[in-house]
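Report on the following structure.
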Protein chains: 2
Amino acid sequence: MRRSSEDTKALILRAAREHFAADGYDRATIRAIAATAGIDPSMVIRYFGSKERLFATAADIDLRLPDLGEVPRDQVGNALAAHLVDRWGDGDVLPILLRTAVTNEGAADRMRTVFAGQLAPLIIKLVDDPSEAPARAGLAATQALGFALCRHVLALPPVLAMSREETIAWLGPTFQRYLAGPR
Amino acid sequence: MRRSSEDTKALILRAAREHFAADGYDRATIRAIAATAGIDPSMVIRYFGSKERLFATAADIDLRLPDLGEVPRDQVGNALAAHLVDRWGDGDVLPILLRTAVTNEGAADRMRTVFAGQLAPLIIKLVDDPSEAPARAGLAATQALGFALCRHVLALPPVLAMSREETIAWLGPTFQRYLAGPR
DNA sequence: GTCTATAATTCGATAGAC
DNA sequence: GTCTATCGAATTATAGAC
């Protein structure tokens, strides 16, 4: 079957994200990705050069964080908690990064980049004392990533069972204190 | 060189924990573990049967959680935060489990077992309403594992830079609310 | 643009000598 | 108890025909 170059690349990327999210970097083989995409394994190398570069492309995604500057200051915690439960679910980028960043140094570096480039700048606009911004952003990251880890990767039963409303009620105040509360 | 059976097993286990913690399950090869232990790769199989059983033995450790029943009720949050920063550091079990649980189903299952067998029972003694215990234990796990992940695995700079006192001051109130606070 | 065939590694695990 | 030697399987990546 003949396809356009772009179509094939998109097919491969979609399959790659699926496998990287489900199995992590090592167990996600080029062969399995190609099988899911319905093409030959050699095509993957042809288009992306190597497995490492395929991963870099697959994991280079926008976390699409909400603009917390638009919500009332006393609601930023709830807004972030809502975003966390609504958008960072299964099939999103976050599980991919979590599953890979722990064993792949390139992915860990990407995680630090995403953190520094997308989460931290967003926090700076909220904090009174700019010198406190990095620590506050880091704290928000520990709770956000910990929740995603327990819910979508480890599947801890009680965390999996929490409803959207429960999650916001519990995590919202935590984020509120980390982002805009007293230190 | 001749050693006792127990000495060799201990050598292998120590090297295995080192490699599993640093590289995760897949990248921690039996060959590399044997090289660190200074013995032949075939000895690993001889003593533990398979890589999977070696991992099960290496990861079967006591988290040695503090007995939160012995501290004043309004101090359990700080006590857990202190334990988190003091004991669950580099070289401990937690990084091993984190690095492996994300890509190895057996390790993920072990993580759920550790959670259900060690953390949850400890929480039950603190909570007034027993029906709330699982959710509260799960919430504490999200913050605890998220902190360990960001600090010891991802090495996010601001999280890495936090002192023991800062960590307790920030995380203590969070744990306090999850464990013994209003819902 | 797609495929077959295969090179070059690397891994887990086994057999058997000493 | 320890080692050498090796098997069989799986992987990434390449070369080249169509």
Side-chain angles (χ1 to χ4, degrees), chain A residues 1-60 96 99-100 102-107 110, chain B residues 1-60 96 99-100 102-107 110:
Chain A
M1 174 171 42
R2 302 276 289 198
R3 290 187 209 84
S4 77
S5 175
E6 287 306 315
D7 285 352
T8 303
K9 282 186 81 163
L11 271 176
I12 294 172
L13 272 180
R14 202 177 123 182
R17 293 202 176 98
E18 200 173 304
H19 277 84
F20 281 134
D23 302 327
Y25 184 83
D26 292 298
R27 302 183 99 93
T29 68
I30 288 184
R31 292 169 137 83
I33 291 169
T36 298
I39 50 97
D40 192 85
S42 64
M43 300 294 295
V44 178
I45 302 292
R46 176 176 172 86
Y47 280 123
F48 294 92
S50 71
K51 183 182 180 179
E52 190 69 37
R53 287 219 294 279
L54 169 64
F55 170 74
T57 308
D60 181 23
I96 302 182
R99 276 229 156 79
T100 49
V102 292
T103 50
N104 185 270
E105 186 48 39
R110 184 163 299 273
Chain B
M1 174 171 43
R2 302 274 292 196
R3 292 186 210 84
S4 77
S5 177
E6 285 306 316
D7 286 351
T8 302
K9 281 186 83 162
L11 272 176
I12 295 173
L13 272 180
R14 203 177 123 180
R17 292 201 177 99
E18 202 172 303
H19 281 266
F20 282 134
D23 303 326
Y25 184 83
D26 291 298
R27 301 183 101 92
T29 68
I30 287 185
R31 291 168 141 84
I33 291 169
T36 297
I39 50 98
D40 193 84
S42 64
M43 300 294 295
V44 178
I45 301 294
R46 178 177 170 85
Y47 280 125
F48 294 93
S50 70
K51 183 181 180 179
E52 189 69 38
R53 287 220 294 280
L54 168 64
F55 170 75
T57 308
D60 181 23
I96 301 182
R99 275 228 156 78
T100 50
V102 292
T103 50
N104 184 271
E105 185 49 40
R110 185 163 298 272

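- Within 4.0 Å (heavy atoms only), B/Y47 reaches sugar-phosphate atoms of the nucleic acid but no base atom.
- As rounded to whole Å, 15 Å separates atom P of C/dC11 from atom CG of B/L54.
- As judged by a 4.0 angstrom heavy-atom cut-off over every strand, A/S4 is placed among residues making no nucleic acid contact.
- Residue B/R31 contributes atom CZ, which lies 15 Å from atom P of D/dC3 at whole-angstrom precision.
- Across B/R99, B/K51, B/E52, B/H19, a single residue satisfies side chain to side chain donor-acceptor pair (under 3.5 Å) together with B/Y25, and that is B/E52.
- A close approach under 4.0 Å does occur between a side-chain nitrogen or oxygen of B/R3 and OP1 or OP2 of D/dT2.
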(message) side-chain contact (heavy atoms from CB on, under 4.5 Å), that's the test. Do B/T103 and B/D26 meet it? Break it down for me.
(response) CA-CA 8 Å; B/T103 50; B/D26 291 298; 3.9 Å; yes

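- The CD1 atom of B/I39 sits 11.5 Å away from the CZ atom of B/R46 when rounded to the nearest 0.5 Å.
- For the pair B/E6 CD and D/dG1 P, the interatomic distance rounds to 9 Å; values are reported in whole Å.
- Taking 4.5 Å as the limit, every side-chain heavy atom of A/T100 sits out of range of all side-chain heavy atoms of B/V102.
- The CG-C1' distance, from A/L11 to C/dT2, rounds to 14 Å in whole Å.
- Here the C1' atom of nucleotide C/dG12 and the CG atom of B/D26 are 12 Å apart, to the nearest Å.
- Atoms CG (B/D40) and P (C/dA17) sit 17 Å apart, rounded to a whole Å.
- Judged by distance alone, with hydrogens and angles left aside, B/T29 brings no side-chain donor or acceptor close enough to the base of C/dC11 to form a pair under 3.5 Å.
- A straight line from CD1 of A/I30 to P of C/dT9 spans 17 Å, rounded to a whole angstrom.
- You'll find that the side chain of A/R46 is closest to C/dG1, out of C/dA13, C/dG1, C/dC3.
- Residue A/T8 places at least one side-chain N or O closer than 4.0 Å to OP1 or OP2 of C/dT2.
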(message) Would A/L11 and A/R3 count as a side-chain contact (heavy atoms from CB on, under 4.5 Å) here? Give the steps.
(response) CA-CA 10 Å; A/L11 271 176; A/R3 290 187 209 84; 3.6 Å; yes

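- As rounded to whole Å, 12 Å separates atom P of C/dA15 from atom CD1 of B/I45.
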